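Residue numbers start from 1 in every chain, and the chains themselves are labelled A, B, ... in the order their sequence lines are given, proteins ahead of strands. Since the model is a prediction, treat every value here as computed from it, not as a measurement.
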Amino acid sequence: MDFHIERAKILPKSNLWGFLEGLKGVAPLIAPVERGNKTVFSEVNDISDVTINYTRTVLPPKKFLVPYRRVRFTYSTGELSFSSNFKARDQIIFGIHSCDLHGISILDSVYLKESPDPRYLEVRKKTVLIGISCMPDDYCFCLSTGTAFPDGANWDLFLTDIGADYFVSIGSPKGDELIIELKELFRDIEREDLELYKRSTRKKKEAFRDKKLPDLERISQLIELEYESPVWDEEAKRCLSCGTCTNVCPTCFCYTSVDVPDFEGKTVKRVEFTTSCQYPYYSLVAGGHYFKPTRTARFRHRYYHKLVGYPYQIEKLGCVGCGRCSAECPAKISMVETLIKLRGADEKESGKATEQTSAGRSL
Amino acid sequence: MKRELNVNHLSRVEGHGAVDIVFENERLKEIRLRFTEGPRFFEFITRERLYSEIPKIVSRICGICYVSHRLASAFAVEDAFGVKVPREVELLRRLLVVGEYLESHALHLYFLALPDYMGYPGAIQMAKDYPNVVKRGFRIKELGNKIMKLLGGKTVHGENILVGGFASFPTEEALESVGNELRSIIPELEATLSLFDSLDYPEFTSEVSVAVSVDSKDVTEFSDTVSTSDGVRFTRKEYELFIREETVPYTTAKVSRFEEEPFLIGPLSRVNLHLEELHPAVKKEISLLKTDFPSKNSFHSNVARAVELLNVAYRGVEIVEELLNCERTPSKISVEPRAGTGYGIKEAPRGTLYHRYSFSDDGHCTGANIITPTAQLQAAIESDLRNLTETYSSVSDRELRKLAEMLIRAYDP
Amino acid sequence: MKKSLEKLLNKPLPVDPFKPQRAVITDVEELAPDHKKFTFAFLDESLAKVWDYIPGQFVMLTVPKAGEIPISICSSPTRKGFFELTVRKVGRKTKVLHRLKPGDVVAVRGPYGNGFPVGIMEGHNVLIIAGGLGMAPLRSLVWYILDRRSRFKEVYLLYGTRNYEFVLYKEELRRLKEREDIKCLFCLDRVETPEDREWADIEGLLTELIPQVKLEPSETYVAVCGPPVAYKFIGKELLKNGYPESQIFVSLERKMECGIGKCGHCQIGYKFACVDGPIFPLWDTKNLPEML
Amino acid sequence: MVRVGIMGLTGCSGCQCEILNCEDAIGKLIGKVEFAYFPLAQDVNDFSEFDILFVEGSVSTNLDREKLVKGRERTKILVAVGTCACYGGVQSQRNDEISLDEMLKAVYGENKLDLEVFKPMPLSDVVDVDYELPGCPLDKRQFVYTVASLLNGVEPFFPKIPVCHECKLSETDCLLLKGIPCQGPVSFSGCGAPCTSAGVGCQGCRGNCDFPNFDEILSIYRDIGLSFDDSVKFLKVFRGKTISGLKVGFSDEKGA
C-alpha cells in the first residue's frame, strides 16, 4: 500500500492507559479527574483516576498556565532589588477539549503578541498540550464560535475518538517526539481510519442539530449597535456580579496586583490575583470614581470585551463556546440566550444560516 | 468600717468578669462575681428562626467551646423532631469533641493558667524564657484546631456541624492522618500532665459538696442523663427542674443552684466522678501523680484538665479506628420538623451545657433556654472565693487578689 | 495563523517588561494642598541618558511597600537626565508616596501609552487645554513645544482650576504668561482673594476661554486633559468653534495596573487605555461609549 | 516599639482566640511590637496609649461604650475585628424587629440589671473606625496581612468581592445550583470559602460585598423552596444593621 500519513497515528483504545502511563514517565501529568459530580483538571499520580469522557471541567486548564494567584516579584525595601524565584516546570496537560485549546491559543495571543510576558512564555514552552475530541451538551456552542475542532498549531497532539481507536493528530515536533518515545503503542493509519476520522467531524456537527445556537456573524457590530438595547438591563437585573462567568472562562485574563510587605518591612511580595470585570472595584480609581458604576455596565462589558474587544485586539473572538459561564452561573444567565435576544427577530432567519456558515469556517 | 477588694477586669479569662470582696469591720460581708459581658439575648434571637439556623446562631455564644453549643443545640433539635443519627455521624461528632477539648484545654492550661504558676504576666512573655513549653501548647492546640477544621469546616464557628449530621464527611486519608497525629501527640500530653501535676497549687479545700456531670464514661460520649455525686440521677428533660436559674442584678449571667446549693461542674467534677472509667493508660498515669483524685482542691481543676487531655487523645485514637471500619452512611439524614420541645445536654470543656428549644410544626423556634457552664459555676466560684478569703485571711490584699484570680481562672469561666 | 502561533512560542525569553528600574528622588516640591511634584533620576546612569518618552505618556511607579501606580510624566523629554511626576494624594499608595523625601529610592517602568501625536502636530497651531491636575501631562507637552518652538505655529495654553491655591507650577506659568511665543489664558472657578484676582483672566470655566482663542481651527491640533466630566463640555465647545474632531486629543484616566495590556483594568469599551491610549482623538468617544 | 492593644467588648472571644491561633505571626511579632494590652492573654495590661488597637465585639453596654471611646482617644489606628465589631454581630440581627425592652424582658424577665444596656451596635456607631476586618471569626491571613501592612505604614487593601470568587476558583460545585441556600454571591470574600467547600452554603458572616444583588438572591431562594420570610432571616443573621429594612425591590442605586 502506498497510503501513508506522517502527521497522524492510530492509538488503539486498549493502549490508552499505557499511553497515559508513558506520558507520566516523561513529565508530571495533568488530566481531567472526577471530583464529586464534577470534573477538574488535576495532577494525577494514579492514572486510573483519569476520566476520558467528560463534558467540561469547572475551571479550564488555564490554571496550569497562569495560576490564579501568583507572585510576580519579591523585592527588598532597602536596595529595591527585584527578583523572581519563579521556575517553570515541564508538564503535560492531557485531555483538553477543542474549545479549551482555542482558549489557550487566545491566551497565547494576549500574553505573547505584544510586550510578551516572559513568565507565561516560559510556562508555555515547557507545557505539552494533548487534546481529545468530545461531544456537546446543552451548554456548548462551539460550533457557533468556530472552535468545535482543533485548528491552529498551539497543541502538540490531538486524539479523536473514531470508535475502537483514537486518531492521533500530531501538531508539533514535541508531539512527534512523544509518539516516537512510545511508538510501540501506535500503529500507522489506514484508509478506513481516515474515513472514520472524517465521519467523526460530521458526527459532532450533527450533535448540534437540535441545540439552540447563537449566530455570531457580524457579532462585533451587532453588539456595538445594540449598546443601548434594553436586553442588557433585563439580563443584568439577574446578574449577581459574582464573577463566576469570568473565573471559569478559558480566555479571561484580568488580574489585580498588590504589594504585600512582611512584618520586618524588609521584603515585599508583588502578588497578582485573578479578578473579574464584574466586580465594582475593578473599575474604581483612586478618588472614588467607578467607571462602570452600574450592574448593566459591568454585565455588558463582558460581552463587549469578548465579542468586540478581542477581535479588535487579537483578531479572534474572545469566546470559545465552552458553555462554562452559563453552566456555572448561579442565576442561570446564559450567554446563548442573551445573544439570541440581542439579535431579536432577525435571529430565526439568520439562525438557519448558522449551520452553513459555521460549517464552512470549521472544516 | 467597710473595705472592698476589687478585681475590675479579670484577665486571662474568656469574656469579661470582675470580683468584689467586701469586708465590714474586718469580717467578710459579701462576695460578688460579676460578669459584665453585655447581654446578647440568644434565647430571644433564636426565636422565629428556622431550626436549621439554630446551631449556627448559638455557636456564637462562645468562640472556644462553639462545638459544644452547636452539638447541644443539634441534640435538642434532633430530640424535638425525633431524629436518630447513624453511628458514623455520632463517631465524627465524638471526634470533633476530641478536637474541641485539645484546643480548649491546651489554650487554658498553657496560655491562661500556666503563666500564674511560672510567674509571668502571660504566655507571650513566658515564650521568651520557655519557648519549648509554649510551643508544646501551640502544638496541642494546633492539632485540636486541625480536627475542628477538618470536621467542622473552620477552626472557630465551623459551619459543617448541622442538625442531622454534617454537610460533608472527611476523607479516609484525612482521618488516618488525624489518627496518626493523635498517637504522636500522646507523649506531649503526658508531659503536659506531669508539668501540671508538678506545679505548686495553693492549699485549699472547696466546700462545694455536690458535683454534677453528664452520665457518660468520658466527655467524648453523649448521654441523655445527668448524675450527681450524691447519687441523684435525672434526665435532660428534667434539667431545669433540678438546676434552678435566677437573675441577679450585678451580673449578666444567671446564677444556678442545685437543691438550693452551689454545685461543681467541669473537669475536676468529671474526673472525680468518672475516675474509674478513664482510659486504662490514663489511669496508670494518674496513679503516678502527686495529685490525689478525687480532689477537693479547686486549683486541681488544672490537673484534671491535663488528665482529660490525655484521655481524649486515647479516645480519639479509638474513635478514628472505629470510624475507618464503620459502615458508610450519608453524611446528613433528612429532618422532618414537627411541633414539640427538645432538650440537649453536653459536657463542654468548662462543664455541663444545656439547651432547650420548642418548635412550631413548620420548624420555627418558638422558645429557647440555654444554661451555660459559666452561669452554673457562678455560685460555686462565689462559694470558693468566700472560703478562700477565710482560709487566707492573713495574707496581704495583693496576694489575696492574686489568689482569687488564680482560683477563678482554674474554673476557666 | 499556524505560522504566527509558532512564532509566538519560538520567541526567546524577552526582557521582563514587568521589571522596573530604580530611580532616586532628587527633589520634592509642594505645589498645592495634597499636590506634590517629585523629581527622579535613574540610578543606572547609562539608562538615564537614553531614556526617552513622548509628552502624554505615563510610567508605572513602584512606591516601596505600597505598590505600583500609573502617573503621567509632567517633565519634557527635551530635558534629559531626570523626569518629573506630579501626584495628588488621593489613595492608599499616593499617601505613602507623599511621605517620601529626596534621597529615597523608588522603581519605575515605562514609559507606557501612546502619548500626544507630537509628530503630526508639527507644522500646526497647538491649543492646549488643561483642567486641574490635567496640567501635569500637558506641562510636558508645553515644554516639548517651547523647546522646539520653531517646528510649531501659534501655541495657546488654557488652564483652569479651583482657585489660586490649587494652581500648579505657579511661578513657571507666571513666567510663561510673559513670553511672546505662547499665549496663556487662565481661569478660576472662584475668584475671591487678591491672589485669585491677580491670577485669573476670567472667573469661570475653560469653555468660556475657548472663544477667545484666535486660531484657525482647521490648522490647529487641540490637546485636552482634565477631569472626565469636563470633556463633554469642552468637546462640545471646541466643535462649536470649528475644531475638527479628528484633531482634538483627550487624555483619559483609568485604573492602569500593568501598563502593557495584560491586566485588563483600564479597558474603555474595546480599547485599553494603557496601550491604545491614554490619549484618544475625540472621534473615539463616539465609538467607545464609556469613554467619558 | 509599636504598641498594640487587643480588646474585647461584647462577643464570644472567638476572634481573639483566632488571633492566638496565629502562632507564626505572634512569634514574629514578639520583639517587633509590644502587646501593651491583651487581657485575654496576659494580666499586666496598660491601657494608656496605642499605635494600633484591635477591638472585638459589639457595643452593648455603657462599659463597652466607655472603654471604646477611651480606646479611640488613645490609639492612632483603630481596627474593628470580627463581624460583631464591624456590623453588630448575630446579637444585632433582630435590632430592627423589636424594642430593647422586649428583648430584656424575654431573657431577664422583670429583673433589672446594674448595667446600662443598648441594642448591640457596631463600633462605627460610636467612634471612627480606621479598618474593618469582618468575619465570624476574622480570617487569620487577613489579620496577619493587616498587621504587616500597618507596621509598614501602608493601608491594607481589601476589595469587597463576593465569596463566589474564592469558591469557584477552588472548583467547588455551586451550591445554589444544587438547591442549597448559599449567600456567596452577596457576601464579602476573604475567608477562602471554607464553608462552601465543606458543602455548607455561605452564611454571609463577613457581611456584604460591594452592591449585593439581594433581589436576585431572594428570587433564587424562592426557586429552591425557601419562603421569603425565612430567606430574609437567613440573610440577616450576620449582616446586622447593614441590611435592616430589606424588602423586595431593595437595591442600591449605584449597583443596580
Which answer fits [X], side chain, backbone, both or neither, if we ask what part of it has an atom under 4.5 Å from a heavy atom of chain C?
| X | value |
| --- | --- |
| A:Ser115 | both |
| A:Glu315 | neither |
| A:Tyr279 | neither |
| A:Tyr312 | side chain |
| A:Phe73 | side chain |
| A:Tyr75 | side chain |
| A:Ser220 | neither |
| A:Asp262 | neither |

Worksheet item: Out of C:Phe58, C:Phe40, C:Phe38, which one pairs with C:Phe83 under the ring-ring contact (aromatic ring centres under 6.0 Å, His included) rule?
Response: C:Phe40
Practice prompt. State whether the number of non-hydrogen atoms from other residues, nucleotides or ligands found under 6.0 Å of A:Arg70 atom CZ is greater than 12.
Written response: yes
Worksheet item: Taking the side chain as C-beta and beyond, is there a heavy-atom pair between C:Asp276 and C:Asn114 under 4.5 Å?
Response: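 They are not in contact (no side-chain heavy atoms under 4.5 Å apart), so the answer is no.
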Worksheet item: Under the side chain to side chain donor-acceptor pair (under 3.5 Å) criterion, do C:His265 and A:Thr256 qualify, and how do the steps go?
Response: CA-CA 8 Å; C:His265 280 280; A:Thr256 296; 2.7 Å; yes
Worksheet item: Is the C:Tyr270-A:His305 ring centre distance short of 6.0 angstrom?
Response: no
Worksheet entry | Leading residue by heavy atom contact count with chain C [cutoff under 4.5 Å; candidates A:Thr77, A:Val260, A:Thr267, A:Asp117] |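 Of A:Thr77, A:Val260, A:Thr267, A:Asp117, A:Asp117 has the most heavy-atom pairs under 4.5 Å with chain C.
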Worksheet item: Which one, A:Thr275, A:Thr274, A:Leu284, leads in non-hydrogen pairs under 4.5 Å with chain C?
Response: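 Among the listed options, the one with the most contacts to chain C is A:Leu284.
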Worksheet, complete the sentence: Under 4.5 Å to a heavy atom of chain A? For C:Ala66 that would be backbone
Worksheet item: Measuring heavy-atom distances to chain A, does C:Val275 have an atom under 4.5 Å in its side chain, in its backbone, in both, or in neither?
Response: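 The answer is neither part of C:Val275.
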[X] and [Y]: which non-hydrogen atoms are nearest, and at how many Å?
| X | Y | result |
| --- | --- | --- |
| C:His98 | C:Val87 | NE2-O, 2.9 Å |
| A:Leu80 | C:Pro64 | CD1-CG, 3.8 Å |
| A:Val110 | C:Lys262 | O-NZ, 3.0 Å |

Item to complete: Verify whether one side chain among A:Arg270 and C:Thr62 offers a donor that lies under 3.5 Å from an acceptor in the other.
Response: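 A pair is found: one side chain offers a donor N or O, the other an acceptor, under 3.5 Å apart.
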Discussion item. Please identify, among C:Cys263, C:Gly261, C:Gly67, the residue contributing the most non-hydrogen atom pairs under 4.5 Å to chain A.
Written reply: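 It is C:Cys263.
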